Amino acid sequence: MSQQQAINRRIVLGARPQGVPTPLDFRLEETQVPAPGEGQVLLRTLYLSLDPYMRGRMSEAPSYAPPLELDEVMVGGTVGRVVASRNSNFHEGDLVLGNSGWQDYTLSDGRDLTPLGEMARPSYALSVLGMPGFTAWHGLLKIGEPKPGETVVVAAASGAVGAVVGQIAKLKGARVVGIAGGRTKCRYVSEELGFDACIDRRDPQFAVKLTAACPDGIDVYFENVGGEVLDAVLPLLNVGARMPICGFIAHYNERELSPGPNRMPSLLSALLSKRVRAQGFIIHDHYADEFAAFSRDMGGWVTEGKVKLREDIVDGLDKAPDAFIGLLKGENFGKVVVRVAE
């Protein structure tokens, strides 16, 4: 079948979620595969990255990026092959990193594409060697600034960002305590990734066990969860602690303030009395200045086996909505990547 006759499946935003997303918020459509115009390339999506930030793009609430419009293709980083090119910088068969979103095919003028050459694991360009790895590298090293012997605590420690944060912290000589959901994930974090300890956030004695695992307090807390995890961390922060903030997935689905005590007084009190430096960051702000340095560091660590990452591979574009919903619930185990095509 020619490309003009082939079908492009795409998943669009069908409705704005009212709290936790459901499959009804997505819609699978079929359209004709477009032909590239002058200066364009046609890309076949091989791998699609699923990441928590996508939940914010589904909402109309003000954020650092504009919301998706209804009926717009869901956004997402991708690894794809050039299947047709009218752009002299790219040739048929090239493997590239791009932003095709949740669809089989897309057109690009090449400005948003990064050539990858040939990679043994192309999906790594969406994980440890891509945006999640860069998020970990920048947040920990540029904001957390761990020193040898300090205690670093990492939330969502088995996930795409947290797993890398902890391994980098170990390379820098810190003592690392992870937090994860469930015994299996905690065992992986401690035994496979080499964290000094990992505490199950679902344990009824979570706060007590976290305190026991951090006898010298916490010098760096890498925040990407919020909620009760943050509640347990705050009293343990040392004077001069640093808190890189890259997300708060526990609250992404909330439509109003969560029930329970007002956390603001305890948060502000800890920041003030402990002289804590808490800094949020959006990783896309730092690509121009820092991505090359990150690539040198992480490429070397991965090649030498000093940093590794578990991938949670989902087969089939049609499985993306359920996989994304599961990601927001913490049901994934590692970096979620959809294998759209071989």
Side-chain angles (χ1 to χ4, degrees), residues 1-37 40-81 83-84 96-109 112-113 123 126 131 160 247 249 251-256 284 311-332 335-342:
M1 181 182 293
S2 70
Q3 287 153 6
Q4 284 72 26
Q5 295 172 319
I7 296 299
N8 177 39
R9 298 172 305 155
R10 62 185 191 182
I11 295 176
V12 303
L13 178 63
R16 299 208 182 276
Q18 303 300 309
V20 179
T22 74
L24 296 177
D25 296 323
F26 306 89
R27 187 173 67 253
L28 177 64
E29 298 181 341
E30 293 186 351
T31 63
Q32 190 175 38
V33 174
Q40 292 184 317
V41 296
L42 175 64
L43 301 173
R44 175 63 163 111
T45 303
L46 303 180
Y47 293 97
L48 164 67
S49 177
L50 297 184
D51 300 283
Y53 78 85
M54 297 171 177
R55 176 62 182 86
R57 298 294 299 276
M58 298 172 74
S59 169
E60 289 184 298
S63 186
Y64 62 88
L68 284 167
E69 298 294 334
L70 292 177
D71 304 321
E72 186 176 355
V73 175
M74 289 289 297
V75 296
T78 54
V79 169
R81 285 269 185 207
V83 294
V96 295
L97 177 68
N99 300 282
S100 299
W102 298 24
Q103 58 185 336
D104 287 320
Y105 295 90
T106 193
L107 295 174
S108 171
D109 62 8
D112 65 335
L113 302 181
S123 57
L126 300 172
M131 184 270 289
I249 195 171
H251 304 282
Y252 284 174
N253 291 321
E254 293 178 353
R255 300 176 61 191
E256 54 188 25
H284 293 287
E311 292 181 305
D312 191 338
I313 301 291
V314 178
D315 280 305
L317 179 65
D318 59 313
K319 302 296 195 303
D322 285 341
F324 178 66
I325 293 168
L327 168 65
L328 295 177
K329 294 178 179 178
E331 295 174 355
N332 62 298
K335 173 70 185 83
V336 182
V337 177
V338 179
R339 183 160 40 208
V340 179
E342 294 293 339

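Remember, it's a predicted structure, so these values are computed and weren't measured experimentally.
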Q. Looking at Arg57 and Ala65, what are the two nearest heavy atoms and their distance?
A. CD-CB, 3.8 Å

Q.
Given 3.5 Å as the limit, does a donor-acceptor pair link the side chain of Thr78 with the main chain of Thr45, or not?
A. no

Q | Test item: Asp322 side-chain N/O and Lys319 main-chain N/O as donor-acceptor pair under 3.5 Å | A | no

Q) Closest approach of Tyr53 and Gly76, non-hydrogen atoms and distance? A) OH-CA, 3.8 Å

Q | Donor-acceptor under 3.5 Å (Asp104 side chain, Arg9 main chain) | A | yes

Q | Ring geometry between Phe26 and Trp102 (parallel below 30°, tilted from 30 to 60°, perpendicular above 60°) | A | parallel

Q) Which atom names give the shortest non-hydrogen contact between Arg55 and Pro17, and what distance separates them? A) NH2-CB, 3.7 Å

Q: Find the distance between CE (Met131) and CG (Leu97) and round it off to the nearest 0.5 Å.
A: 10.5 Å

(Q) Run the side chain to side chain contact (heavy atoms under 4.5 Å, CB included) test on Asp25 and Gln18 for me, step by step, so that the C-alpha distance in whole Å, both residues' side-chain angles and the decisive distance to 0.1 Å come before the verdict. (A) CA-CA 9 Å; Asp25 296 323; Gln18 303 300 309; over 6 Å; no

Q | Main-chain N/O of Gly80 paired with Arg44 side-chain donor or acceptor, under 3.5 Å | A | no

Q) Rounded to the nearest 0.5 Å, how far apart are CD of Glu72 and CZ of Arg10? A) 10.0 Å

Q) When rounded to the nearest 0.5 angstrom, what distance separates OG1 in Thr106 from CG in Asn99? A) 9.5 Å

Q) Which atom names give the shortest non-hydrogen contact between Ser49 and Met54, and what distance separates them? A) O-CE, 2.9 Å

Q | Atom CD of Glu60: over 12 foreign heavy atoms under 6.0 Å | A | no

Q) How far does CD of Gln103 sit from CD1 of Ile11, to the nearest 0.5 angstrom? A) 10.0 Å

Q | Lys/Arg-Asp/Glu bridge criterion (N-O < 4.0 Å) met for Lys335, Asp312 | A | no

(Q) Would you compute the distance between atom CG of Asn332 and atom CG of Leu50 and round it to the nearest 0.5 angstrom? (A) 9.5 Å

Q: Evaluate the criterion side chain to side chain contact (heavy atoms under 4.5 Å, CB included) for residue pair Leu43 and Leu113; output intermediate values, then yes/no.
A: CA-CA 10 Å; Leu43 301 173; Leu113 302 181; 3.6 Å; yes

Q: Give the C-alpha distance, both sets of side-chain angles, the deciding distance and a yes or no for side chain to side chain contact (heavy atoms under 4.5 Å, CB included) between Met74 and Leu13.
A: CA-CA 6 Å; Met74 289 289 297; Leu13 178 63; 4.3 Å; yes

Q: Supply the atom-to-atom distance Leu126 CG to Asp51 CG, rounded to the nearest 0.5 angstrom.
A: 8.0 Å

